[in-house]
Structures are given as structure tokens and as C-alpha cells.
Protein chains: 4
Amino acid sequence: MKMEKIPVPGWSTAVSDVGFHKILIRGYPLADLIRNLTYTEVVYLTIRGELPSEAHRRVFDAVLCGIVDHGFFAPTPLASHVIASATPESIMPAVAGAVLTVGSVTVSPQDTAELILEAWKIKEKERLSVEETAVKVVDEMTAQKKRVPGLGHPLHPTGDPRAIALKEVAQKQGVWGERARLYEAIHRVFVEKTGKDLPINIDGMMGCILTEMGFEPKEMAGIGALSYMPGIIAHAVEETRERVRLRAADGEYTGQPRRELPPSYRRA
Amino acid sequence: MKMEKIPVPGWSTAVSDVGFHKILIRGYPLADLIRNLTYTEVVYLTIRGELPSEAHRRVFDAVLCGIVDHGFFAPTPLASHVIASATPESIMPAVAGAVLTVGSVTVSPQDTAELILEAWKIKEKERLSVEETAVKVVDEMTAQKKRVPGLGHPLHPTGDPRAIALKEVAQKQGVWGERARLYEAIHRVFVEKTGKDLPINIDGMMGCILTEMGFEPKEMAGIGALSYMPGIIAHAVEETRERVRLRAADGEYTGQPRRELPPSYRRA
Amino acid sequence: MKMEKIPVPGWSTAVSDVGFHKILIRGYPLADLIRNLTYTEVVYLTIRGELPSEAHRRVFDAVLCGIVDHGFFAPTPLASHVIASATPESIMPAVAGAVLTVGSVTVSPQDTAELILEAWKIKEKERLSVEETAVKVVDEMTAQKKRVPGLGHPLHPTGDPRAIALKEVAQKQGVWGERARLYEAIHRVFVEKTGKDLPINIDGMMGCILTEMGFEPKEMAGIGALSYMPGIIAHAVEETRERVRLRAADGEYTGQPRRELPPSYRRA
Amino acid sequence: MKMEKIPVPGWSTAVSDVGFHKILIRGYPLADLIRNLTYTEVVYLTIRGELPSEAHRRVFDAVLCGIVDHGFFAPTPLASHVIASATPESIMPAVAGAVLTVGSVTVSPQDTAELILEAWKIKEKERLSVEETAVKVVDEMTAQKKRVPGLGHPLHPTGDPRAIALKEVAQKQGVWGERARLYEAIHRVFVEKTGKDLPINIDGMMGCILTEMGFEPKEMAGIGALSYMPGIIAHAVEETRERVRLRAADGEYTGQPRRELPPSYRRA
């Protein structure tokens, strides 16, 4: 029997051109970026492919400052402490482990962005107004018992100060258009329909503004991670500095009382 | 038998104070940071505990722009592509996996910083000049066949353009003192002793300058990760966008030829 | 303003009771397990809470042997090699990174199990026969363009030898009941409706049999990971043994040609 | 300037031969392994390259059952709970994050094995007896203030029941030779010299016995991870089942009191 061959795709990238004596990021020599740009501009360039305008640069700085840290009110810093306690020689395992605390409970700006783009498609296809689209979307989501992403925060029941500050910066820079207004309308209709007065939280606002700026939803999870990376690093270093013991917890055992192996399993 | 109790340490942090209606980062309300600061300043504040001076802000921007991406000439972007090909619904596993590619081969600014601080201790304790310390350190390291961290790069045998640009920015801002000169002396003595004309690479230069700025070695691995995080994110998104297949490779099998289980292992 | 307190849940577990002079796994002293049981029995006990019957033990061994390794035809071993090339001092980062290659493309037994349990609910609720349920489920899934999990494999277009062997062991041990037959019916109806003659693959068969055995879908992703863990470990060790270089790839650059920073971005 | 090309190594493996209609693990058809072997035998085969003898199979089962779970007295299960609380849709991020809790504090069988092999080299090179080697090694380690790996456990100050059971199984199967006796001698000399009556813990005993069996140190970290993988999986599933909230902790803030941004940083 002849063994057929499976075609294996090659590696390709448009991010950087790296070789002998050469490092171009999106076409620009990296040494020029180091000499001239801010980190925020380089993050924008690397992910988007083009340099930001001055307004986009300012708003992107505010977005990247949006989360920073959660204290102990989120799994992220806890994971950072727990893992760093075991690996004080390097914080990298803690950083990697903490990055993994993004899931269906924590959500990320990605979820809000996907909702906005989905709603936008409906608006365009069915030629609805922003308001009509919002009503339609909220009706469907509540009917299907789907959670509207980006709303509510247990610590900030009357308004997330981060989302408020971020919106202010974006509006001041003119980065607030139809897509942002659509998400605001969805929020407003949600509050009216359900009677739940949940404010837009920082994940929602980041997803809303990054969508306005033209980022893709998948990129936003990475941008969100960048935003709380300083906190992850600071917590991990703190743990390695103060502790020589492993993290343990004072937990409760709720399982089976002590028991003996049944005779048929005793083989020693 | 009485069960003794093991004392379990509580959780404490100086990074942030988070609670009802409250998010302070190193004492500052996060909303004020969003409204006023750049991301670079907030990263510095969160990790260091205090705001940067204007000179430190400028140099820290350059440090954070120091790596950005490796094309396909490092395991980091490869890990990002490989993992993202399996999880296109979210780039977070790829980000976490790519962050793990920091080890004894890749090194990080941490290694260089640890060397400089160790050399500095010897200098102070034995009241040596910078030059004498460098000779002593290189002699010991070569005798013990230890690798001097931060030197050489296969793609940049005659000089790492990133390190050159970074040094330029640091010197222009006056962030270049005794510790940086000590590392330069170690480099110079190394080249003279061994005859290997290896330039200081970007990891070495980042470790050198971050030490000058007062960062701790452990923090530097995190700062290094921040520096190549934009590349990780961009590669992961790129993979999810272009591919619907899993990554596979055209590898060679070098193991045992096909064989049958010995009779004593056939039990079916 | 009075700071209210957020209630934080305590830690509790039914897995093990660990303290001074005490390690009970699901109630049994761990030392007794070491002396008497096989690893397969202990994995079953730890995850399920009870010891396996002889038939379940035999089938669970076969399930755990179901995947083992993918050669280079999956992201998992590639991730193992790539990360281990950077961290030859320890294979743990490679193991962690390789474990992350489970997503919507690779799927896992969890997906098949969730389908079976969902279909079972419909069957019970609507009092349908196995055949009627299968028709209904496949009709709905094809109408919604949903992929039926557990079917097809690019390397084994005419039948996955692992799935065939696993089914054989399960049937021989009498671990093949209504739920397994329901999945077989879904498979059969799928082939008839779509004309695509995709065989049940190993993920599908594992999900099918583990559902028969009473495991929960979420547990199955972990059991699947155990199954290919030997391969991950072997690849990582192999990489650290043979290589002193970092993994790189011969990739193609598809991005922007070299360009200069626009004047407004030149600030040095 | 001519761009030189960097040679990129190809992919090769001796673990498995996978292709169209073919999956051989170390030469054996995987379907035959599923039909005939236990998981323990397949783990041994995949990592070592050859099938275990009956004695090795029995001892390897005991080794794999050596740890299983730590309750809440280690970072591993805590990491599993913390990450799973954020990603209840899949336990894989929790598994990956928990695997990362292996470092210089927790150690692993790898450290003990490296010590034994190092001591063995000294013994052979200097033609010392087991006893003389032990004295030399302990003298050097205590002089350099190095920790002897594999000794002591806070919960089992008078003897680790897991290590005791494991040694019993190994001795019964005749898997207890010169290398194991060398480690025992090192332990004995350590207790005599330092007056610290620390027992050999489970990591030490696993490293000792796996060395006797011929495993390499690097493989042992992976085998150790397999051993506590059932606990990681069980804790992660437990968390996803019981909780709908994210893990948070009742921590203490020890940092700066609230402060205002200095005027030069107020730019809004």
C-alpha cells in the first residue's frame, strides 16, 4: 500500500520580517521604533499593522490603563500569588497561569465586541435604526436567556469608575460613533426591559471603544490581558519577595469519612 | 490523637486597594490614571510603586519597545501559532503558552541583572574598581565555564540594533551610571579574554538599563514578557484568521520499526 | 461612607482529607492505594469518588490508552517540542503549554458527551426511540450547520483503528448500553443524511464510552489530557536531549515592505 | 548586502510513527496497546521506549499512585480551583495552570535523581564506597548551604507514609539497588551531621526508585505531574460544579494610603 502524503502548511506572517541584520515590525525598523515611539504606539502598530493617529494613541493609552489590577477580587491575582509561591526563582509560570483566568465567567472585551458587531450586521441587513436594533437584540437575548456581556460589577453596583473615565477620554478625542451608541442603546433597552439597573463595566466599555477604533474581537482579549499584566507581574514579584512557604488554604473537607479498601482490592 | 493545626498565611498586597466603590493602584484612584497617564507610566507605577520621572518614563518606553517580536526565529511566536491553531475561539491559551518560552536557553533581562548585582556586591565588599571587578568576575565565570548572560545573537553577530538604539536613548536621558558601566566592563573583558567578539544583545541591554533604573531582577522577566507580548498577540490572531486546520509538521520518524507485542503482553 | 464587606466563599473539597499524619483520597489512606491498586484504579477513584468494578477498570485502561501520541500531526506535540527547546532545564512549561492545545478545532471527548446527554434528554422528554432521537438531533444540527462532534479524521478516512479497538474492549466488558447506541444511531443517521462517510474517531468513542461509564463531560477533557500526556512528556524530553538550539522555522514574510517612520513620528 | 540563510533544524521523533492508516507507539500499533495493555504499561513504554518487566510494571504503578492529591496544602490544587472558577466551560486552563506549580520550593523527583546521579559519578570516579560518597556529598552540600532534596515534610515530620509504602513495594519487587542505597546513605549521613531528623519524603523516594529503574531526571518531573494529575482534574471539576462565582480572597491591603496625582501628572 502506498502511503499518501498529507500536505502540511508552511509558516507565514505579516507581523515582522526578521533575518540576518534585520528586524522590521510591520515594515518599520525596530531600532527606529525604540528611538522614537511610545510603547502604546508600538502595541497598536504591532497588532493593527498601522501607526495610530494622535486621538487613537490617546484613547488606546486609556484602554490599556483600564484594568491594571483586581486586588484579591478576581482569580487572576490569586493565581499569580499561588503559582509564584511555588516558583520564586521565576515569575513566568505565574504570569502564564494568571493569563489563563479568562473564561465564560470573567468574560473579556471580546464578548462585548462580538455582540456589537453581530447587532451591527442585523442593523445593516434589516435597515433598522440604532434604537430598533437594540430592542430586537435585547428581546432575542432575554428570550434565549443569554447574558448581555459587559454589564454589571459586584463591587461597582452604581457605576464602574473605570468605564466612566474611559468613555470620557474617548468622547473627548472624538472616538465615539455609531457602534458605541448602538451598545449604549442595547444597555439602555436592557435596563428598561429587565428593570436591572446594571452599569456598563470596564470590559464592556473596552469592547465598545476598541470596536469603534476598528480592532477585531479576538485582538481584544489580548489587549485586555495587557491591561492587567502589570498587576499580575506586581503580585507575582510581591509573593516571591515576602514568602518562603508554599501557599496553602484552610479548607473544609466535605467528602467520605475514612474507610478501608474492600477485600477484593487488597492485593499486597 | 489530637490533630495539630498548620498555620496558613493570609493574603496581603501592597499593589492595589480594591473594594466597594474603590480601586486604588499604589494609592492612586485608577480612574485618575486612566484620565491622565500613559500605559507606560502605569506599568512603571504598578510594578515599582511610584510614578516615573520624565527621564525614566522615556527610557522605560524604549525598554518596553525593545523586543516586540521575533518573526519565526524564536520558540515564542511558534508556540503562539501552534496553540492558536487549536483554539481559534480564543487567543488566551496561545498567549499563556507563548509566555512559557522563557528558560535557560532564551534567558531574559533577569539573568544579566542578577550578574550585575552580584558583581556590584563583590566590587563594594572588596573595594575594587569597576575594571578590577570585571576582570575578577569574568575570570571566575570562564573558570567555572559559566556563560556570561546578555552577549551574542545568531542573527546579529556584529551588533544588536535594538541594544544599540536602547543604549542611545538611555544615555541621552542620563540613565547610564556605574552599574551600566560595570556591565560594559564585563563585556569588554569577556571579549578580550575569550577572543569572542560577541556584542551585548537586547536582553543584556534591557537588564543593564533596568538595573540602572532600580528594578529588581525578577520584575525584569515580566517586563521582558510585556515587551514581546504585542508580537505574541499579533501572531495568535493571524493564525486564527488565516487557518482552519491544525498545525502539523512534516517530521522524520527515527524510532523503532513496526513490531508486534511479545506473547506475554497479549491478553485480549 | 461605610465600606460594605463582600462575602468571600471558603475553600472546601471532597477529593482528599489532608493534614498532620493524614492523607485520605476519597476516604482511603493513600498508603493503602500505593500498596494495593493500579494507577488506573486510583485515577478512576480520584475523579469519580468510588473504586471501579473489574469491567470498568479494564475499559478505563483502554480509554486511557486511547490517544497516547499524535506524532507531528497535531499541535500538541509541536507545542511540547517548541516550548521544551527554550526551557531544557525543566519539561514542565512544555507540558503545561501542550495541554492548552485543546479547543474548538481539536475538540475532546467532552463535546461528544455533551451531545449524547443533550440527545438523551430529548429522547426522555419527548418519549422518542433511539432512532427517532437520532433523526431529530441530526436534522437540527445540520439545519443549524453545527458540526457533529467525534466524527472523521484526516489520517483515518476509512476508520479510526483506536476507536475500533476501544469499542471492542468496551463491548467485551459489557460497557455498551443505550447511550452508546444512541451515539451510534446519530452517527449512522449523519452518514445517511449527509452522504459523508465519516467514521467515529477516538474522541467520539472515548466520549461515548465514558458517558456509558457515568463520567461527566467536564471530567473527560481531563481524562483525554491524561491519555496523551505520555506523548507530551516523551516529546519534551526528546527535545531537551537532542537540541541545544531554540526552535525556529523557515517562514515566509507576507507583510509590508520596509518603510520609514512618517515625519510626525520622528521625535528622537 | 547578501542575506545569508540560517539553517533551521527539521522535526524528528522516535516516539511515534503517525501517518495515513498508521499509529505506531515506539513501534507497536496503538490499537494493539489499547486491546492488551494497562495504561501504566503504556506510559512506561511511551516514555522509556520499551515495555516494562512485571516487577517494573508493579513498581511503576506504585510510583504513579505516589502523590495523587495534596488537599489544600499545596499551591497545585489551589491553582486548579482558582483558574477553574473563571473558566467553568473547560477545565483545561486549570490543568495547565496547576501543572506550573513545580519549582524550586515544591521540587520534584527530578532534583533527588540529579543528586543521586551526581553522587554516583563521584563514587565511580573516586572509587569510594557508598558510605564514603555519602559523607563527601553531604559535607560539600552543607558547606555550600545547599538543601538536600527529598527530605522532610511539614505534615509528616516523623515519616512520610507515601514514601514508606512506595519503598515497601519497590523492595518487595527487587527494585532496590546500589543507587537507592546511596540515597539512603546520604539521608542517614545528613541526619547524623545536622541533627535534623527529616524523613525521606515522597518526592525523594520517587526520584530514588525511578533512578533505580533507569528513568532520566527530566522524565521524572513529568511522571510526578502524572501522579498528581487526578487530583488536579478532580479539584477543577469540583470547582466548576459547585461555584458560579469567581474565586476571591479576603486579603489585607498593606500599601500606600489614598493619594492624589502630583500636578505635573494631571493632563486631562
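In what follows, every chain begins at residue 1, and chains take the letters A, B, ... in the order their sequences are listed.
Of the atoms belonging to B/Asn36, it is backbone heavy atoms, and not side-chain ones, that fall under 4.5 Å from chain A. Contact annotation for B/Ile34: both backbone and side-chain heavy atoms come within less than 4.5 Å of a heavy atom of chain A. Looking at A/Leu30, the atoms closer than 4.5 Å to chain B (heavy atoms on both sides) all sit in the side chain, from C-beta outward. Using a 4.5 Å cut-off between heavy atoms, B/Leu24 makes no contact with chain A at all. Heavy atoms closer than 4.5 Å to chain A are found in the backbone of B/Ile67, but not in its side chain. When heavy atoms are compared at a cutoff of 4.5 Å, A/Val43 approaches chain B by way of both its backbone and its side chain. Residue contact with chain B, scored on non-hydrogen atoms closer than 4.5 Å, involves the backbone and the side chain of A/Leu64 alike. Of the two parts of B/His70, only the backbone, made up of N, CA, C and O, holds a non-hydrogen atom closer than 4.5 Å to a non-hydrogen atom of chain A. The contact between B/Leu226 and chain A is made by backbone and side chain atoms together, counting heavy-atom distances below 4.5 Å. Only the side chain of A/Val8 comes within contact range of chain B, judged by heavy atoms closer than 4.5 Å. For B/Glu216, the part sitting under 4.5 Å from any heavy atom of chain A is the side chain, from C-beta outward, and nothing else. Proximity to chain A (any heavy atom under 4.5 Å) is shown, for B/Glu219, by both the backbone and the side chain. Heavy-atom distances place the backbone of B/Ala249, and not its side chain, under 4.5 Å from chain A. Proximity to chain A is absent for every atom of B/Pro29, based on heavy atoms less than 4.5 angstrom apart. Using a 4.5 Å cut-off between heavy atoms, B/Val15 contacts chain A through both its backbone and its side chain. Looking at A/Pro217, there are no atoms closer than 4.5 Å to chain B (heavy atoms on both sides), in backbone or side chain. For a residue to count as touching a neighbouring chain, one of its non-hydrogen atoms must lie under 4.5 Å from one of that chain's; by this rule A/Leu37 touches chain B with the backbone only.
Within residues 47-61 of chain A, the residues having any heavy atom under 4.5 Å from a heavy atom of chain B are, by residue number, A/Ile47, A/Arg58, A/Asp61. Applying a 4.5 Å heavy-atom cutoff, none of the residues of residues 198-209 of chain A approach chain B.
A/Val82 has its side chain within reach of B/Trp11: a pair of non-hydrogen atoms, C-beta onward, lies under 4.5 Å apart. In this structure, the side chains of B/Leu155 and A/His21 stay at 4.5 Å or more apart for every pair of heavy atoms. Using a 4.5 Å heavy-atom cutoff, the side chains of A/Val18 and B/Phe72 are not in contact. The closest side-chain heavy-atom distance from A/Leu33 to B/Arg162 is not below 4.5 Å. Using a 4.5 Å cut-off on side-chain heavy atoms (C-beta onward), A/Arg247 and B/Pro9 make contact. Considering only heavy atoms from C-beta on, A/His156 comes within 4.5 Å of B/Ile23 through its side chain. Counting heavy atoms from C-beta outward, B/Thr38 and A/Thr38 have side chains that stay 4.5 Å or more apart. Contact check for B/Leu100 versus A/Met92: no side-chain heavy atoms found under the 4.5 Å cut-off.
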(message) Under the criterion side-chain contact (heavy atoms from CB on, under 4.5 Å), I'd like the reasoning laid out for B/Ile164 against A/Arg35: C-alpha separation, chi angles, the key distance, then a yes or no.
(response) CA-CA 10 Å; B/Ile164 294 165; A/Arg35 281 191 183 92; 4.2 Å; yes
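Heavy-atom minimum distance, A/Gly19 versus B/Phe73: CA-CE1, 4.2 Å. Closest approach of B/Tyr39 to A/Pro230, counting heavy atoms only: OH-CD, 3.8 Å. The two residues B/Met229 and A/Met229 come nearest to each other via the heavy atoms CE-CE, 3.2 Å. Closest approach of A/Ala31 and B/Ala165 over heavy atoms only: O-CB, 3.7 Å.
Using a 4.0 Å cut-off between a side-chain N of Lys or Arg and a carboxylate O of Asp or Glu, B/Lys218 and A/Glu238 do not qualify as a salt bridge.
Atoms NE2 and OG1, from B/His81 and A/Thr13 in turn, are 4.5 Å apart once rounded to the nearest 0.5 Å.
Of the possible polar contacts, one joining the A/Ser16 side chain to the B/Gly71 backbone as a donor-acceptor pair under 3.5 Å is found.
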